[in-house]
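Please read these numbers as outputs of a predicted model, since none were measured by experiment.
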Amino acid sequence: MKTYDFQSSNAFVELFEIAPYASGTLDGLCFAVKDNIDIRDRFTSYGSKPWREAHPRAAYNAVCVEQLLMAGARCVGKTIADEFTYSLDGESYFYGTPVNPRAPDRIPGGSSSGSASAVACGLVDFALGTDCGGSIRIPASLCGVFGMRPSLHRISEAGVLPFAPSVSTVGVLAQNLPILRQTMRVLLRSHDVAVPPVKNIYLVKEAFALADPAIQNALSECITHLGNFPNVTVASVSLRDITGLDVSLKSCNEDALRILQTAEVANAIGGWIQENRPEQGPNFQAGYRNVEQFDRSTMSDALNLCEALFSRVAAFTQPGDIFCYPTAPVLAPKKGTLTGSNLNSVLDYYDRTMAVTSFAGVARLPEITIPLAQVNGIPVGLSLTAGHYQDEFLLDASLHLWGSQPVGLDLCSVTT
């Protein structure tokens, strides 16, 4: 893999250094911050230069940044975010495309594109991101790094620009599982309490069915590995099995997460955009038309469905349970292909990807993506998801299942 530095990676909006405030469990580690998260005395762009120019410098660090500095970590800069974080491709109209170092001709994924790139290039030990419809999990998977979306609202969002509060959360991308665990435990304010052993691993059938055959094949050896643990049962389930409702991952996305996201994005940025009519990138313009044309009378049904899905998944999930599925159902698309002139490719990428990511999103679950495979050298991630507020269990379970293995892109490799 080619070596990239801070400039050639194009991962950063701004480089600076903030020394740690104290010594702690993150001593010696450095991190970067997605540019929708405030750093004191610096502008927060939200992925938009007009937004950056129209708003004052932040008066305070976001609370999550303060936690990391107090635990001994050093901050080295702010990373590129997709425009208003409303994208999963990582190709910024204003700042350019951060490199995907393991597949340089392909997108890094968004909207935490710069954070994923900075970690994948080895420029930082970990990076802060945010996740609504997969904005940590997808770039982590496409760039071949570790990423975690925690249980909804377990990490403080004070000082983080709002997007879709009912489903958005702060999370972390990291070089390896131990660093991910160390960092997340700081942000989660974790205590040393006993966690249950892994008991059941449920393979979510629809998520595997949505994945390209090459991805299914690449992950097959990884799934076989999960069946080798004593006292662990591996079984396939559908969303209907889990919830008892007549729903699919497709409806989970289209009838719940996407409606809720569209409604709340309008509340978060709609007024400012209407008032100021800022310059916008073509991809954001295309997506934002859905926000402008949205029928808000559908929002109540989506909220009720989200609540029903959360309750049913919570009732199904027992201590020691894990759900497992491909993080992204597609390989990273080539740069420049997710545009209006390739509408079918755009719809296929977003519809299938958000169907998979919507499971943890609407059920408010913690999810970790692990870079376990590759197809023709292109990274493929496998996700492990646990019950609501079972973040510490999920972190420990991930280490138990993969900590002794040569985790990385060489574990499961497919050439087509």
Side-chain angles (χ1 to χ4, degrees), residues 12-42 44 46 57-79 81 85 112 114-116 118-119 123-132 135-137 140 145-163 165 168-193 195 364 366-368 388-396 398-399:
F12 288 83
V13 174
E14 186 179 8
L15 291 169
F16 51 80
E17 183 156 331
I18 305 175
Y21 294 168
S23 180
T25 57
L26 303 183
D27 283 357
L29 300 181
C30 67
F31 71 100
V33 177
K34 183 178 179 179
D35 200 19
N36 63 333
I37 300 173
D38 283 347
I39 296 290
R40 186 180 63 196
D41 296 331
R42 299 189 180 275
T44 305
Y46 212 165
R57 298 173 189 267
Y60 302 94
N61 291 330
V63 168
C64 55
V65 174
E66 295 279 359
Q67 287 178 275
L68 299 173
L69 294 169
M70 287 298 297
R74 174 172 56 93
C75 182
V76 299
K78 301 194 81 170
T79 54
T85 69
S112 303
S115 292
V119 173
L123 303 174
V124 293
D125 297 298
F126 67 91
L128 287 175
T130 56
D131 189 298
C132 173
S135 286
I136 286 174
R137 294 163 286 166
V145 300
F146 298 80
M148 182 172 182
R149 171 200 168 93
S151 293
L152 188 66
H153 301 322
R154 271 208 67 180
I155 297 175
S156 172
E157 290 145 42
V160 181
L161 290 171
F163 181 65
S168 291
T169 182
V170 174
V172 171
L173 303 97
Q175 292 277 354
N176 56 48
L177 277 172
I179 290 176
L180 184 67
R181 182 179 183 273
Q182 284 175 269
T183 306
M184 288 301 303
R185 284 179 62 86
V186 169
L187 295 170
L188 295 167
R189 307 173 299 281
S190 301
H191 298 281
D192 289 324
V193 296
V195 297
R364 309 172 199 168
E367 178 180 335
I368 293 174
H388 183 58
Y389 262 59
Q390 295 301 305
D391 304 68
E392 288 84 357
F393 159 69
L394 182 61
L395 286 159
D396 287 0
S398 298
L399 275 167

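Every residue two or more places apart in sequence or in another chain that forms a side chain to side chain contact (heavy atoms under 4.5 Å, CB included) with L152 is listed here: R149, T169, R364. When the salt bridge (Lys or Arg N to Asp or Glu O under 4.0 Å) test is applied to E66, no partner is found at least two apart in sequence or on another chain. With sequence neighbours excluded, the residues satisfying side-chain hydrogen bond (donor to acceptor under 3.5 Å, both in side chains) with T130 are K34, N36. Residues forming a side-chain hydrogen bond (donor to acceptor under 3.5 Å, both in side chains) with T85 (at least two apart in sequence, or on another chain): none. In this view, D391 and R154 satisfy the salt bridge (Lys or Arg N to Asp or Glu O under 4.0 Å) rule, not counting sequence neighbours. For R57, the side chain to side chain contact (heavy atoms under 4.5 Å, CB included) partners two or more places apart in sequence, or in a different chain, are F43. For S156, there are no side-chain hydrogen bond (donor to acceptor under 3.5 Å, both in side chains) partners at least two apart in sequence or on another chain. Residues passing the side-chain hydrogen bond (donor to acceptor under 3.5 Å, both in side chains) test with N176: none are found, sequence neighbours excluded. Remark: R42 pairs with E14 by the salt bridge (Lys or Arg N to Asp or Glu O under 4.0 Å) rule, at least two apart or across chains. In this structure S168 satisfies the side chain to side chain contact (heavy atoms under 4.5 Å, CB included) test together with C132, F163, A164, sequence neighbours excluded. Every residue two or more places apart in sequence or in another chain that forms a side chain to side chain contact (heavy atoms under 4.5 Å, CB included) with S23 is listed here: D27.
Counting only N and O atoms by type, the side chains of Q182 and T25 include no donor and acceptor under 3.5 Å apart.
Other residues, nucleotides and ligands place no more than 12 heavy atoms under 6.0 Å from the OH atom of Y60.
Judged as a salt bridge (Lys or Arg N to Asp or Glu O under 4.0 Å), the pairs with a partner in residues 170-193 (not counting sequence neighbours) are, in order, R181-D396, R185-D192.
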Pair I368-L180, side chain to side chain contact (heavy atoms under 4.5 Å, CB included): steps then yes or no = CA-CA 9 Å; I368 293 174; L180 184 67; 4.0 Å; yes
